[in-house]
Amino acid sequence: MSNTELIAGYFKAIQTGDMPTLGSLVAADVVWHQPGRNKFSGTHTGAEAVFGMIGGMMQDSAGSFKIVDVKDVMGNGSQVAATISFSAQRDGAQMALNGVDVFTVENGQITEVWLYSSDQDAEDAFWGNV
């Protein structure tokens, strides 16, 4: 499986709720860089911390947080970038933004992730600024 196929599979697992596949694709010691200045921002180390952060996003959005569309998945060696759109609803507020996710893939697993938002201020306001 190529690195771009692995990342396409990662997004499919997220969109379909396939937790066993998702868990197998993320390295136990993954380093995840969540952008912005909100309660989820910062560097999260380890799959448990990352899945805990995503679980918090799901809880705060009453399960509405989702990857709406994966537009492009592009690879360059161990680096893979994907252009996406994502959305969520929370306490009467709505968020619908685009993003770029950049992954490092090593030995068939995601070892590092950098996320970029098309409107970080809007995302921070949605999740709650710190």
Side-chain angles (χ1 to χ4, degrees):
M1 171 184 317
S2 73
N3 289 341
T4 54
E5 291 170 330
L6 184 141
I7 296 304
Y10 160 85
F11 281 114
K12 182 178 180 184
I14 288 173
Q15 291 175 312
T16 61
D18 182 352
M19 298 310 289
T21 296
L22 188 59
S24 74
L25 296 176
V26 176
D29 60 350
V30 67
V31 178
W32 187 284
H33 306 276
Q34 188 71 25
R37 293 180 183 210
N38 63 68
K39 66 195 248 178
F40 299 113
S41 298
T43 299
H44 305 273
T45 303
E48 186 175 324
V50 170
F51 292 136
M53 175 198 63
I54 294 168
M57 291 175 163
M58 293 302 289
Q59 182 177 358
D60 282 9
S61 68
S64 69
F65 178 72
K66 64 182 174 181
I67 304 295
V68 176
D69 190 29
V70 179
K71 298 171 183 140
D72 296 296
V73 178
M74 304 155 279
N76 183 356
S78 66
Q79 300 291 301
V80 178
T83 55
I84 66 166
S85 59
F86 57 98
S87 68
Q89 298 177 12
R90 176 175 183 232
D91 299 328
Q94 295 186 19
M95 171 181 67
L97 299 170
N98 295 316
V100 175
D101 294 359
V102 180
F103 302 86
T104 301
V105 178
E106 297 173 347
N107 300 316
Q109 288 191 307
I110 298 165
T111 59
E112 189 166 17
V113 181
W114 288 86
L115 304 180
Y116 301 88
S117 177
S118 62
D119 188 343
Q120 191 61 58
D121 290 340
E123 187 173 349
D124 288 344
F126 179 81
W127 292 121
N129 292 329
V130 283

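Rounding to the nearest 0.5 Å places CZ of F51 at 13.0 Å from NE2 of H44.
The shortest distance between side-chain heavy atoms of T4 and V80 falls below 4.5 Å. Within the 4.5 Å cutoff, side-chain heavy atoms of F40 are placed close to those of D60. Using a 4.5 Å heavy-atom cutoff, the side chains of L25 and Q109 are not in contact. Proximity of Q34 to T43: side-chain heavy atoms (C-beta onward) are nowhere separated by under 4.5 Å. Under the 4.5 Å side-chain criterion, counting only non-hydrogen atoms from C-beta, Y10 is not in contact with K12. Taking 4.5 Å as the limit, some side-chain heavy atom of L115 sits within range of a side-chain heavy atom of W32. Using a 4.5 Å cut-off on side-chain heavy atoms (C-beta onward), V105 and I7 make contact. Using a 4.5 Å heavy-atom threshold, the side chains of Q120 and R37 count as separate.
Both M57 and V113 are part of a single hydrophobic cluster, where members link through side-chain heavy atoms under 4.5 Å apart. A continuous path of hydrophobic side-chain contacts links F86 to I54 [ILVMFWY only; heavy atoms under 4.5 Å]. With hydrophobic clusters built from ILVMFWY side chains whose heavy atoms lie under 4.5 angstrom apart, V30 shares a cluster with L6.
Listed by chain and residue number, nothing satisfies the salt bridge (charged side-chain N to carboxylate O under 4.0 Å, His left out) test with D124 (two or more places apart in sequence, or in another chain).
Summarising the geometry of G128 relative to R90, their closest heavy-atom pair is N-NH1, 4.1 Å, with the distance given to 0.1 Å. Between S41 and P35, the closest heavy-atom pair is OG-O, 2.7 Å. Minimum interatomic distance between F126 and A93 (heavy atoms only, all atoms of both residues): CE1-O, 3.6 Å. Of all the heavy atoms in A47 and A27, the pair that sits closest is CB-O, 3.7 Å.
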Verify side-chain contact (heavy atoms from CB on, under 4.5 Å) between I84 and D101, making sure each step is shown before the conclusion.
CA-CA 8 Å; I84 66 166; D101 294 359; 3.5 Å; yes

Would you please test L22 and I14 for side-chain contact (heavy atoms from CB on, under 4.5 Å) and show each step?
CA-CA 7 Å; L22 188 59; I14 288 173; 3.8 Å; yes

side-chain contact (heavy atoms from CB on, under 4.5 Å) evaluation trace for M74 with N76:
CA-CA 7 Å; M74 304 155 279; N76 183 356; over 6 Å; no

Show your reasoning for whether side chain to side chain donor-acceptor pair (under 3.5 Å) applies to T104 and Q79.
CA-CA 5 Å; T104 301; Q79 300 291 301; 2.8 Å; yes

Trace of the side chain to side chain donor-acceptor pair (under 3.5 Å) decision for S117 with E123
CA-CA 8 Å; S117 177; E123 187 173 349; 2.9 Å; yes

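Proximity of the aromatic rings of F103 and F11 is defined here by a centroid distance below 6.0 angstrom, and this criterion is met.
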Ignoring hydrogens and angles, write down the donor-acceptor pairs under 3.5 Å from the side chains of residues 65-73, residues two or more places apart or on other chains.
{"from": "K71", "atom 1": "NZ", "to": "N98", "atom 2": "OD1", "distance (Å)": "2.7"}
{"from": "D72", "atom 1": "OD2", "to": "T83", "atom 2": "OG1", "distance (Å)": "3.4"}

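Remark: the backbone N or O of T21 is paired with a side-chain donor or acceptor of S24 at under 3.5 angstrom.
Between Q94 and S87, the side chains place no donor N or O within less than 3.5 Å of an acceptor N or O (distance only, hydrogens not considered).
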